[in-house]
Each structure stands twice: as C-alpha cells, then as structure tokens.
Amino acid sequence: MADAHHDSRLHGTFGQDAFGRHAERAARFFGTPQYILGQTIAVVIWIVLNAVGIVRHWDPYPFILLNLAFSTQAAYAAPLILLAQTRQADRDKATALHVEHRHDEQRQRGDESLAELRSLLAANTALTEQVAELTRSIDAKVGAR
C-alpha cells in the first residue's frame with residue numbers, strides 16, 4: 001500500500017489543490033490565540049475610534065458595519081472549517097485503513113510463522129521418536145550379546 005502521507009485519497013474532495021491547502025491553513029489559524037487576540041484588539045480599536053470620535057465616524061453605534069464584517073467573516077469561516085474537518089476526517093480514515101492493512105499483513109505473517117513452527121515441531125517430534133526407536137533397537141541388540 002502507498003505511504004499514507006502521499007496517498008491521494010488522504011486529501012478529501014479538493015485534493016492537494018491550493019484552495020484546499022489554504023482553507024485548512026485558514027481554519028487552523030481561526031482557532032489560534034493569536035487570531036482571537038488580534039480580532040479582539042481590532043474590535044476594541046474599531047469601537048473606540050467610532051465611539052469617541054477621534055476620527056470620522058464611519059460606523060456609528062450600533063456598529064452595523066462591524067456586525068456586517070463579522071457576519072461575512074462567519075459566512076466564510078464556517079465552510080472553511082468544515083472543509084478542513086472533512087479533509088482531516090478523510091486523512092484519518094485512510095490512515096486507519098492503512099494501519100488495519102498493516103496489522104492484517106503482520107497477523108498473516110504471524111500465522112504463517114506459527115504454521116511453520118508447528119511443522120518444524122512435528123518434524124522434530126518425529127525425528128526424536130525415530131532416535132528413541134533406534135536407541136531402543138541398539139540397546140536391544142547390544143544387550144542381547
């Protein structure tokens with residue numbers, strides 16, 4: 001079986017294309033403390049600048065534009081996260097199948113080794129019985145003299 005990391009089935013619907021890779025990268029970034037902290041800082045600055053009036057109020061309270069930005073972000077983030085999860089699930093499934101296949105191969109080799117050992121044991125037992133019979137035969141002939 002091909003190496004699990006290079007198997008084309010491990011990359012889901014979008015394969016190894018740039019879109020899929022970027023979607024996964026974005027989804028991973030959405031869950032980082034850096035992203036959450038950066039977004040929090042951006043929102044605080046946005047609200048302060050619009051509430052205090054240091055600069056022209058481009059989004060006065062209740063911050064409709066900020067709300068629209070969050071809605072747009074969520075509309076894109078959710079599918080990207082689902083795509084990343086789907087791709088990861090596909091990789092996990094393929095890896096599990098690869099591991100199961102390896103275990104099956106190892107079990108088969110173990111069964112073959114066990115059969116070979118049983119065959120060797122049977123041959124050894126037969127030889128031991130033959131040696132014992134020859135020993136008894138020699139003892140009988142030597143004792144008869």
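Nothing here was measured: the structure is a model prediction, and the numbers come from that model.
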### Message
Applying side-chain contact (heavy atoms from CB on, under 4.5 Å), can you list everything that pairs with L134, at least two apart in sequence or on another chain?
### Response
none

### Task
Tell me whether I81 is reachable from Y76 by hopping between hydrophobic residues (I, L, V, M, F, W, Y) whose side-chain heavy atoms are closer than 4.5 Å.
no

#### Entry: Spatial distance of atom CD (Q39) from atom CD1 (I36) [nearest 0.5 Å]
8.0 Å

### Message
Is there a path of hydrophobic side-chain contacts, each under 4.5 Å between heavy atoms, that joins L66 and L37?
### Response
yes

### Query
Partners of F63 by ring pair (Phe, Tyr, Trp, His ring centres under 6.0 Å), sequence neighbours excluded?
Y61

#### Entry: Residues in ring pair (Phe, Tyr, Trp, His ring centres under 6.0 Å) contact with F70, at least two apart in sequence or another chain
none

## Note on the structure
Residue set satisfying side-chain contact (heavy atoms from CB on, under 4.5 Å) with A26, at least two apart, ordered chain then number -> F30, L80

### Task
List in chain and number order the residues that pass side-chain contact (heavy atoms from CB on, under 4.5 Å) with L65, two or more places apart in sequence or in another chain; answer none if no residue qualifies.
W46, W58, D59, L68

### Task
Check the hydrophobic clustering (I, L, V, M, F, W, Y; side-chain heavy atoms under 4.5 Å; chains of links allowed) and say if L127 and L121 are grouped together.
no

### Query
Does R25 have any side-chain hydrogen bond (donor to acceptor under 3.5 Å, both in side chains) partners at least two apart in sequence or in another chain, and if so, which?
H22

### Message
Looking at every heavy atom in both Q88 and E24, which two are closest together, and how far apart are they?
### Response
N-OE2, 4.5 Å

### Summary
Residues P79 and A74: closest non-hydrogen pair is CD-O, 4.2 Å

### Query
Under the side-chain hydrogen bond (donor to acceptor under 3.5 Å, both in side chains) rule, what pairs show up with a residue in residues 122-135, not counting sequence neighbours?
E133-R136

Counting only pairs under 3.5 Å, give me each side-chain donor-acceptor contact of residues 106-116, with atom names and distances, residues two or more places apart or in other chains.
{"from": "R107", "atom 1": "NH1", "to": "D104", "atom 2": "OD1", "distance (Å)": "2.9"}
{"from": "Q108", "atom 1": "NE2", "to": "E112", "atom 2": "OE2", "distance (Å)": "3.3"}
{"from": "S113", "atom 1": "OG", "to": "R109", "atom 2": "O", "distance (Å)": "3.0"}

### Task
Mind checking the OG1-CG spacing from T72 to N67? Nearest 0.5 Å is all I need.
9.5 Å

### Message
Just verifying a value: how many Å separate D90 CG and K93 NZ, rounded to the nearest 0.5 Å?
### Response
7.5 Å

